[in-house]
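Because only heavy atoms are used, hydrogens play no part in the values below, and waters and symmetry mates are left out as well, while side chains stay in. The structure presented is a predicted model; accordingly, all values stated were derived computationally and were not measured.
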Amino acid sequence: MTTVLEDHGFPYDVELFEEDGPVLIERGQVQTLCAAVENGNPLFWDDEVAAGLTGGPVAPLTMLSAWFRPHHWEPGAAEPLVPLALHFALKERLGLPESVVAANTLTFHDPVRPGDRLRTCQVLKSVSDVKRTQLGQGRFWVIEVRYRNQDDALVGTDTYTMFSYRTPTGADHD
Amino acid sequence: MTDLYAGQVSVEDRLPELRHQVTASTVVLGALATRDWRPMHHDRDFAIHHNGIRDIFLNTPSQAAWFERYLTDWTGPRGRLARLTFAMKDSVFPGDLMTLSGRVTGLATDPVGCAWAEVELALSVSGAVRTSASARIALPVDRSDNPWARRGERWCP
């Protein structure tokens, strides 16, 4: 199959920037988050309930992106992974230094479980023509981040609609 | 925590509000628990002098976790979140009393028998919406139904 590159240099609907998650899914981190938001859902605290409903312990669904943030430090680490690398590559390619997240949708498939190893990739869904907004002149684009477990089962997607733009002054809001 | 069944829910139902006094600990715990080490979520001087805002603020993943907790407080553990869309309009800071609220906007049963509630959500401070969201969550139809048991073609988030 031939991959078609659009005028911005990236293809649509092709999985790019595949990465292994930097951490093993583990229950300590799950309960730390539950404690932070005072989430008493027994799925995360009671093995018997988790066994009965979800076939064993699971992680809060909204933790998906957390599993792809590397440790703050680790021995011999290279440069940390850049989240949404496709977004930053598009910004650079199109010369649009500033960005805001216009919308974000998380979709959940199979649950993530302690012991899982996750992988991710990024898929470009669309890039708009040049638009003028109150923020400046730029383009909207939609990137779908896909997450899969060690069995290649889809566990979720994280879809970002970004608006990247240029103004005479101002900082990058990413 | 008791289970909520689809038949107990009507369109326009309001979820019980959840109020939480946000402190620096709320912000820092949420950021670190979501593995977000960026300094604007734990270093007040950085937030003020680099970001130009008044304090550290709740990061996006911990707001998502607050919404997830809020929804399953309502549904009980059988409720299975399928989709969450949100837009942040303003930041949430230590000292804010945040209120999470929700309203059921739709109910449906899909072709494979899964019952769904669509819920409009808001995180507000002093009556102003700081983050708006919408969610799609599966509810059990009866005691024999478990949305978590659905896989593959039987789970259509």
Side-chain angles (χ1 to χ4, degrees), chain A residues 21-23 28-46 49-50 52-56 58-73 80 83 100-111 153-154 156-161 171 173-174, chain B residues 1 3 18 20 25-38 50-52 58-73 75-88 100 131 133-138 140 146-152 155-157:
Chain A
V23 296
Q29 190 78 30
V30 165
Q31 293 187 337
T32 298
L33 179 63
C34 291
V37 300
E38 300 178 12
N39 186 345
N41 189 334
L43 286 182
F44 310 122
W45 300 96
D46 185 325
V49 173
L53 287 182
T54 56
V58 293
L61 298 164
T62 53
M63 285 191 83
L64 266 183
S65 65
W67 305 120
F68 287 88
R69 296 193 187 94
H71 296 301
H72 183 58
W73 177 90
V100 292
V101 178
N104 179 211
T105 298
L106 289 158
T107 305
F108 307 108
H109 293 263
D110 283 6
L154 188 66
T157 63
D158 197 353
T159 305
Y160 294 88
T161 301
H173 294 285
D174 274 328
Chain B
M1 193 176 258
D3 288 317
L18 170 67
H20 186 83
S25 297
T26 314
V27 175
V28 174
L29 284 170
L32 299 190
T34 54
R35 307 181 52 82
D36 186 346
W37 326 118
R38 292 177 299 165
H50 184 85
N51 293 96
L58 276 185
N59 69 333
T60 304
S62 66
Q63 290 198 31
W66 276 102
F67 280 124
E68 180 177 3
R69 173 250 159 126
Y70 178 59
L71 285 162
T72 53
D73 278 1
T75 63
R78 284 175 188 249
R80 182 178 176 186
L81 184 59
R83 186 171 296 193
L84 181 65
T85 298
F86 54 101
M88 299 168 78
L100 279 77
T131 301
S134 61
R136 172 174 166 84
I137 188 164
N146 175 15
W148 289 100
R150 295 181 176 276
R151 294 283 186 277
W155 178 247
C156 309

| message | Rounded to the nearest 0.5 Å, what separates atom CG in A:Leu61 from atom OG1 in B:Thr72? | response | 9.0 Å
| field | Close side-chain approach of B:Pro61 and A:Met63, heavy atoms under 4.5 Å | value | no
| said: Keeping B:Arg69 on the side-chain end and A:Val37 on the backbone end, is there a donor-acceptor pair under 3.5 Å? | reply: yes
| query | Non-hydrogen atoms of chain B under 4.5 Å away: do they reach the side chain of A:Ser65, the backbone, both or neither? | reply | side chain
| Can you tell me how far CG of B:Leu81 sits from OG1 of A:Thr107, rounded to the nearest 0.5 angstrom? | 9.5 Å
| task | Applying side chain to side chain donor-acceptor pair (under 3.5 Å), name anything that partners B:Arg83, two or more places apart in sequence or on another chain. | result | none
| note | Closest non-hydrogen atoms of A:His109 and B:Pro157, given as atom of the first, atom of the second and distance, are CE1-CG, 3.5 Å
| Can you find a pair of side-chain heavy atoms, one from B:Arg80 and one from A:Thr54, that are under 4.5 Å apart? | no
| request: Report the option among A:Val23, A:Leu154, A:Val49 that has the most heavy-atom pairs separated by less than 4.5 Å from atoms of chain B. | output: A:Val23
| task | Measure A:Glu38 against the heavy atoms of chain B and call it side chain, backbone, both or neither at under 4.5 Å. | result | both
| query | Where does B:Trp155 contact chain A at under 4.5 Å (heavy atoms): side chain, backbone, both or neither? | reply | side chain
| message | Could you check whether any side-chain heavy atom of A:Thr62 comes within less than 4.5 Å of a side-chain heavy atom of B:Leu84, counting everything from C-beta outward? | response | yes
| query | Between B:Ala82, B:Gly30, B:Gly76, B:Ser62, which shows the greatest number of heavy-atom pairs under 4.5 Å with chain A? | reply | B:Ala82
| note | Scored by heavy-atom pairs under 4.5 Å with chain B, the best of A:Ala36, A:Gly55, A:Ala103 is A:Ala36
| task | Classify the side-chain pair B:Arg35/A:His71 by whether it contains a donor and acceptor separated by less than 3.5 Å. | result | yes
| note | Given B:Thr26, B:Thr60, B:Thr34, B:Asn51, the one with more heavy-atom pairs under 4.5 angstrom with chain A than any other is B:Thr34
| note | CD of B:Glu68 to CZ of A:Phe108, rounded to nearest 0.5 Å, is 6.0 Å
| Results of ring pair (Phe, Tyr, Trp, His ring centres under 6.0 Å) for B:Trp148 - residues two or more places apart only | none
| query | Are any side-chain N or O atoms of B:Trp37 and backbone N or O atoms of A:Pro70, one a donor and one an acceptor, separated by less than 3.5 Å? | reply | yes
| request: Give, for atom CZ of B:Arg38 and atom NE2 of A:His72, the distance between the pair rounded to the nearest 0.5 Å. | output: 13.0 Å
| note | Ranked by heavy-atom pairs below 4.5 Å to chain B, first place among A:Leu43, A:Leu53, A:Asn39, A:Thr32 goes to A:Leu53
| query | If you measure from CE on B:Met88 to CG on A:Asn104, what distance do you get to the nearest 0.5 Å? | reply | 9.5 Å
| note | Max heavy-atom pairs within cutoff under 4.5 Å with chain B, candidates A:Gly40, A:Ala50, A:Pro42, goes to A:Pro42
| query | Non-hydrogen atoms of chain B under 4.5 Å away: do they reach the side chain of A:Val30, the backbone, both or neither? | reply | neither
| field | A:Gly52 to B:Asn146 - nearest heavy-atom pair and separation | value | O-ND2, 4.3 Å
